Amino acid sequence: MAKMEVKTSLLDNMIGVGDMVLLEPLNEETVINNLKKRFDHNEIYTYIGSVVISVNPYRSLPIYSPEKVEDYRNRNFYELSPHIFALSDEAYRSLRDQDKDQCILITGESGAGKTEASKLVMSYVAAVCGKGAEVNQVKEQLLQSNPVLEAFGNAKTVRNDNSSRFGKYMDIEFDFKGDPLGGVISNYLLEKSRVVKQAGGERNFHVFYQLLSGASEELLNKLKLERDFSRYNYLSLDSAKVNGVDDAANFRTVRNAMQIVGFMDHEVESVLEVVAAVLKLGNIEFKPESRVNGLDESKIKDKNELKEICELTGIDQSVLERAFSFRTVEAKQEKVSTTLNVAQAYYARDALAKNLYSRLFSWLVNRINESIKAQTKVRKKVMGVLDIYGFEIFEDNSFEQFIINYCNEKLQQIFIELTLKEEQEEYIREDIEWTHIEYFNNAIICDLIENNTNGILAMLDEECLRPGTVTDETFLEKLNQVCATHQHFESRMSKCSRFLNDTSLPHSCFRIQHYAGKVLYQVEGFVDKNNDLLYRDLSQAMWKAGHALIKSLFPEGNPAKINLKRPPTAGSQFKASVATLMKNLQTKNPNYIRCIKPNDKKAAHIFNEGLVCHQVRYLGLLENVRVRRAGYAFRQAYEPCLERYKMLCKQTWPHWKGPARAGVEVLFNELEIPVEEYSFGRSKIFIRNPRTLFKLEDLRKQRLEDLATLIQKIYRGWKCRTHFLLMRKSQIVMAAWYRRYAQQKRYQQIKSSTLVIQSYIRGWKARKILRELKHQKRCEEAATTIAAYWHGTQVRREYRKFFRANAGKKIYEFTLQRIVQKYFLEMKNKVPSLSPIDKNWPSRPYLFLDSTHKELKSIFHLWRCKKYRDQFTDQQKLIYEEKLEASELFKDKKALYPSSVGQPFQGPYLEINKNPKYKKLKDAIEEKIIIAEVVNKINRANGKSTSRIFLLTNNNLLLADQKSGQIKSEVPLVDVTKVSMSSQNDGFFAVHLKEGSEAASKGDFLFSSDHLIEMATKLYRTTLSQTKQKLNIEISDEFLVQFRQDKVCVKFIQGNQKNGSVPTCKRKNNRLLEVAVP
Ligand SMILES: Nc1ncnc2c1ncn2[C@@H]1O[C@H](COP(=O)(O)OP(=O)(O)O)[C@@H](O)[C@H]1O
Ligand SMILES: [Mg+2]
């Protein structure tokens, strides 16, 4: 059976409504009541479509456990109750599977839980994305960048004990598999004024307190610091300790995090030195000193602190001291130095501290980026997480709030744009008619602030750059002129009330009607903060520092790179970075988390309706819901819709066979839902009013109860019946088995009894027959014996007279004859093969047949030899005759002989007829050539050898030159008297000639040849046939030859092995020629 999949939905066990799109009626009150109801039931998350609203619980809830992560992993957005994990999962999956870059926009006011939300998103993504050592290190570095940035960028405020005082946008980069590769962090507008001054009940940035509480004595000494907070002017003392926060422990956490992120020890040290220098700057104090020329001048009260700072940072003390007392203005190659009065000196000091700290912070962000940046160049998918300060409305709102609120206006702008765009795209995709939606577009407010020609920021920049006296008042005047007619701008002097001052507004203020509410800005400080001025003398002094980090923070202090152009103002810088951010966000798929703060006390369980109402209003949630359900409040794909409601209609329950859309159509018709209440998209059904959906839900609930009863009923019946059937079946089986067993047993008994009886009867019968047969046999035997004896007696009586006389001889002869006959008959079968060389002969059976047996063997052998010979042709006969002759001549006489037996005698080895070289030679000889072969003729004088062609014809022996074929000598066979050779294994032979014959004039010949046996034999045979004389063949190891006049002795000795296996011939003296035979 297939596993049943449990289909759940957001709509199950919902408290209030999980998706406010379903709120009915829709107004501020119902929205807030819904949030409150859910908040009271610990449901801090609520959806508006795909936007998550999060209400800060101010206590830890058990909804972020690893089990919860698993619950939300790979589930559809609307399947489970609203949760930040559902949004994270949706974003991550759509990034991984659909290749869409994502951004997660977290907004809300300070303390609403944005930073916590961003951490939850990151930890969820870290938990579900890939694993492995490398990936884990990347994750760890990304996660550990938070504590570092929080230490330097967060502070306790009245609203939040851990308030981020900077905007943060972090891009997490993934590879195609969805494994994290790295990240990039951008920071926006650190609230640096906090470094020098904090409001009541607030603290400076955490790091100062952490350093003083957590550093070892040794480190403090090195940094020239004291542990006592009260020693430092820049630290507010009334709230130095925060409940539940252990600064010392946090200091260790931060140092550890820095190490994990990849800071070197010396880098951490440099950073702490800068922090110490900032702290100590606050302790420099100035006193007035009048100069003679009447100018005010300031002087440092106690130079000890200054000295220590200079030691710490490697700055020349006099340089820094001068920078605190003078200001140099360069204009058109002219340098003018003016003295600073006490107020200006303090201003300079604070500006330096603020700049030093904020630049250090930017450096930290860059340094972290360097560590966490993706190592590969492969295409990356990006998930951006934006944790930026929310809309701020204070009693006193200044430049910072103005900037922050501007940023929020921009975010709202893209929120509207993207939500509407998405909605519109969905309608087009689903082929649903688009109806125009009325909503408030805040573009007009953005324009009021950022317009390049007459926007507030442009006006401010213009004032800052204008020559002449510039004050915040002149800036306000300008605003009054330029923006007065703008419907979102108000001031006491604005144009629309030129004649009738708006007395509800104080002086030196202007009010902007933001999309989220009206905010009154104090104009004081706008110009200054926008200018963000740091005297050049100070930046130059910093650049001269021996401290590498500080030097790198003030590149503009390098006199070689002096730049007379003003640096961009804070406002325009921010505007530019916001524009980049917006551009970046627009390319990504947005996911919204809107954080709400339920009370001002940072307390759990308190839901301040007034406060929430305010946030609901300025977050534009109502607007959001309206936009979302402008056309249709609810939509759902056909399949899940049919799955959820199919039990409401007979045709679709329990299974609908056709397409889901047709099923939904049938369902809605059956339920008689008014046609104007819904529309069919391509893949989704669109429901106009939540009412309809709730009606469906109610019907479903009702029906489910009925179905449950029905299922229960059927199940119970089925259970009892199956049980009964099972029992019955078992009973039948048991009975059958028992019967079978009893029958088997009875049958076995009968069978064995029958067998016993049967065997007894058979035995008795057989024994009876056996007895009869035995008796009969004995009677017959007795009769035969009697008859035999009787015949015997008769015969013996009759033949007695013939016996004894020749019996012995006859028996002997007969026996002998039989034996001989048997011997021959057996021999016939035992004769061996007809091969003459077969030595086999059967063994002799009887000694008396010995001679016959031998005789028979020789007869048989002779007969088979004859048989063999009869097969020879004439030519073969000749060859064998020759071989026989050779055997008679040389066998057992010459050692060379046995090796010649296997060689066939070929005679004319040289084919003179065919070789054209010997044409002349051939022509000269008419007779038949018996031998034609190359021999070595031994030179008579020195024993060396030359090749000669040796020719034997019927009558002559000829020697010819091997090359030319020229006949050298010719000897008639009658003149050959003798042939001599050794008994050894060599081919030397001498041909002796008849004394006095013509050929003998030079003397006898001495040759050596490979075919000595053949030559000698042929010579012998030819001589015999031609001259009828036997040629004398002498075999001796020492013989005489006649060389011209000399008789020379040819002597064969067993030579040394020096010349290998070739016999050598050497003339020793005129009487001796020695042949060495190996
Ligand atoms: N989901 C949450 N669960 C428990 N406490 C939370 C949650 N979100 C926020 N808080 C509490 O609220 C405080 C402020 O949250 P924070 O994220 O720093 O606010 P913001 O960044 O919006 O200023 C946190 O320090 C924490 O105590
Ligand atoms: Mg924060």
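Numbers here are sequence positions counted from 1. The shown structure was predicted, so the numbers you read here are calculated from the model rather than taken from an experiment. Indexing begins at 1, ligand by ligand and atom by atom, following the structure's order.
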Taking only heavy atoms of the protein into account, state which residues are under 4.0 angstrom from an atom of ligand 1, in chain and number order.
Asn56, Pro57, Tyr58, Arg59, Tyr64, Glu109, Ser110, Gly111, Ala112, Gly113, Lys114, Thr115, Glu116, Asn160, Asn162
Looking at Gln102, is its backbone amide N or carbonyl O close enough to the side chain of Asn589 to form a donor-acceptor pair, meaning the two atoms are under 3.5 Å apart?
no
Taking it one step at a time, do Lys380 and Asp171 satisfy salt bridge (charged side-chain N to carboxylate O under 4.0 Å, His left out)?
CA-CA 11 Å; Lys380 298 160 202 146; Asp171 264 336; over 6 Å; no
Please list, chain by chain and in numerical order, all residues satisfying salt bridge (charged side-chain N to carboxylate O under 4.0 Å, His left out) with Glu70, sequence neighbours excluded.
Arg73
A cation-pi test, strictly: NZ or CZ of Arg367 under 6.0 Å from the centre of the six-membered ring of Phe263 and no more than 45 degrees from its axis. Yes or no?
yes
Side chain to side chain contact (heavy atoms under 4.5 Å, CB included) between Phe152 and Val271, worked out:
CA-CA 11 Å; Phe152 288 85; Val271 168; 3.6 Å; yes
How would you list all residue pairs meeting salt bridge (Lys or Arg N to Asp or Glu O under 4.0 Å) that involve residues 245-261, not counting sequence neighbours?
Arg203-Asp247
Could you please tell me which protein N, O or S atoms lie under 2.8 Å from the Mg ion (ligand 2)?
Thr115 OG1, Ser164 OG
Assess whether atom CG of Asn74 is packed by more than 12 heavy atoms of other residues, nucleotides or ligands within 6.0 Å.
yes
With a 3.5 Å distance limit and no angle check, can you tell me whether Lys597 reaches the backbone of Gly111 through a side-chain donor-acceptor pair?
no
Salt-bridge contact Lys119-Glu150 (side-chain N to carboxylate O under 4.0 Å)
yes
